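First listed ligand is number 1; within each ligand, the first listed atom is number 1. Computed from a prediction, not measured in an experiment: that's the story for all the values here.
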Amino acid sequence: MSSFPQRIFSGVQPTGNLHLGNYLGAIKRFVALQADFPCIYCVVDMHAITIPQDPKELRRQIREVTAAFLAVGIDPVKNIVFNQSQVHEHAELAWVLNCVARIGWLNRMTQFKEKAGKDRENASVGLYVYPNLMAADILVYRATHVPVGEDQKQHLELTRDVAQKFNNDFAESIAACGFGEAFFPLTEPLIAGPATRVMSLRDGSKKMSKSDASDYSRINLTDDADTIAQKFRKAKTDPEPLPGEAAGLEGRPEAENLVAIYAALVDGTVEDVLRDHGGAQFSAFKGALVDVAVSKLGPIAGEMRRLMADPGHIDAVLADGSRRASAIAHETMNAVKDIVGFVRS
Ligand code: TYM
């Protein structure tokens with residue numbers, strides 16, 4: 001296998017409220033990676049329209065996710081920050097990958113089954129081929145690493161399968177075009193830290209999600225201090241105090257979730273948290289959790305508000321990022337056209 005220069009890509013959908021799961025599982029980790037790697041962070045607006053969106057609200061949310069990227073400390077000069085629809089090569093490569101991926105592979109995608117629900121015949125075709133667009137997002141930059149939460153693992157496996165099949169199907173042409181043994185890297189997911197799957201505050205067996213009907217199930221990045229305090233105080237727990245060791249969290253999903261959230265917020269481990277808070281009642285632990293959450297999230301919400309007051313600045317960031325992303329994507333797409341056998345002038 002050829003070696004590829006390391007490059008990070010990740011995306012966030014501009015649908016519904018960004019929440020603590022998006023932050024701890026993904027966006028917070030984007031910031032840490034920028035110190036060591038070239039990073040491309042994308043607001044995936046084309047993914048958003050796989051389910052119906054209000055155009056006005058979509059526009060606002062594209063800017064809000066961008067504001068969140070900037071507010072957490074992603075540097076849009078050192079990295080590329082942009083929205084997907086401004087780089088048409090995502091859609092173009094997705095078409096080629098639609099012709100590489102197999103229907104059987106897409107039929108196994110659990111997220112499609114969850115999102116389409118019972119009325120599958122009525123789901124959009126876009127929702128069905130969503131994983132191929134996601135593969136195109138990553139592969140159009142030939143990204144080697146993708147930081148995501150646990151829920152995206154299956155999509156990343158599909159991305160690798162699609163890349164591998166493209167490399168195999170076109171092996172001869174890839175070599176003839178001067179790309180050696182493989183054109184696409186087999187991208188590695190980066191799923192790490194204590195909060196790869198933040199759960200609902202109302203039900204420890206359900207993922208914290210933008211689409212949950214109850215706002216009490218999640219902490220939104222734009223929640224103020226009082227709302228954060230109220231939501232954590234109302235969070236479901238069990239009657240036992242916190243254990244002193246991680247093994248004691250087994251079978252206690254709500255306790256496990258709150259401890260993992262605390263650990264991720266302070267950049268610590270579950271063991272650290274239990275060393276400090278083992279034996280505490282939930283009333284006391286929730287108080288400590290509210291304090292760290294407010295001290296970490298408060299400044300982010302404030303900065304997001306400040307940025308959202310100047311949409312012109314956000315749009316300029318996206319325009320600049322899109323220009324730089326396009327340059328890379330265009331080069332990849334030209335190579336793909338040559339490999340596949342399209343004539344181009
Ligand atoms: P999205 O927009 O649903 O979520 C954005 C990121 O947040 C993570 N995440 C969570 N992490 C921990 N706990 C949770 N409860 C939680 N909920 C969400 C997600 O894993 C994700 O990392 N398909 C993607 C967007 C996408 C993408 C890509 C990602 C499109 N193209 C290419 C990476 C690379 C999605 O719907 O994420």
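Contacts of Lys78 classified as salt bridge (charged side-chain N to carboxylate O under 4.0 Å, His left out), with partners at least two apart in sequence or in another chain: none. With sequence neighbours excluded, the residues satisfying salt bridge (charged side-chain N to carboxylate O under 4.0 Å, His left out) with Lys236 are Glu254. Scored by the side-chain hydrogen bond (donor to acceptor under 3.5 Å, both in side chains) test, Thr227 finds Asp224 as partners (sequence neighbours excluded).
Side-chain N or O atoms of Asn167 include one that pairs as donor or acceptor with a backbone N or O of Phe184 at under 3.5 Å. A donor-acceptor contact shorter than 3.5 Å is absent between the side chain of Arg306 and the backbone of Ala71. Looking only at distances, a side-chain donor or acceptor of Arg218 sits under 3.5 Å from a matching main-chain atom of Asp212.
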Would you mind writing out a table of all protein N or O atoms found under 3.5 Å from any N or O atom of ligand 1, naming both atoms and giving the distance to 0.1 Å?
| from | atom 1 | to | atom 2 | distance (Å) |
| --- | --- | --- | --- | --- |
| ligand 1 | 2 (O) | Gln13 | N | 2.9 |
| ligand 1 | 2 (O) | Lys210 | NZ | 2.9 |
| ligand 1 | 4 (O) | Asn22 | ND2 | 3.3 |
| ligand 1 | 7 (O) | Asn22 | ND2 | 3.1 |
| ligand 1 | 11 (N) | Gly21 | O | 3.1 |
| ligand 1 | 13 (N) | Val198 | N | 2.8 |
| ligand 1 | 15 (N) | Val198 | O | 2.8 |
| ligand 1 | 15 (N) | Met208 | O | 3.0 |
| ligand 1 | 20 (O) | Gly149 | N | 2.8 |
| ligand 1 | 20 (O) | Asp151 | OD1 | 2.4 |
| ligand 1 | 22 (O) | Gly149 | N | 3.2 |
| ligand 1 | 23 (N) | Tyr130 | OH | 2.6 |
| ligand 1 | 23 (N) | Gln152 | OE1 | 3.0 |
| ligand 1 | 31 (N) | Asp137 | OD2 | 2.7 |
| ligand 1 | 36 (O) | Gln13 | NE2 | 2.9 |
| ligand 1 | 36 (O) | Tyr130 | OH | 2.8 |

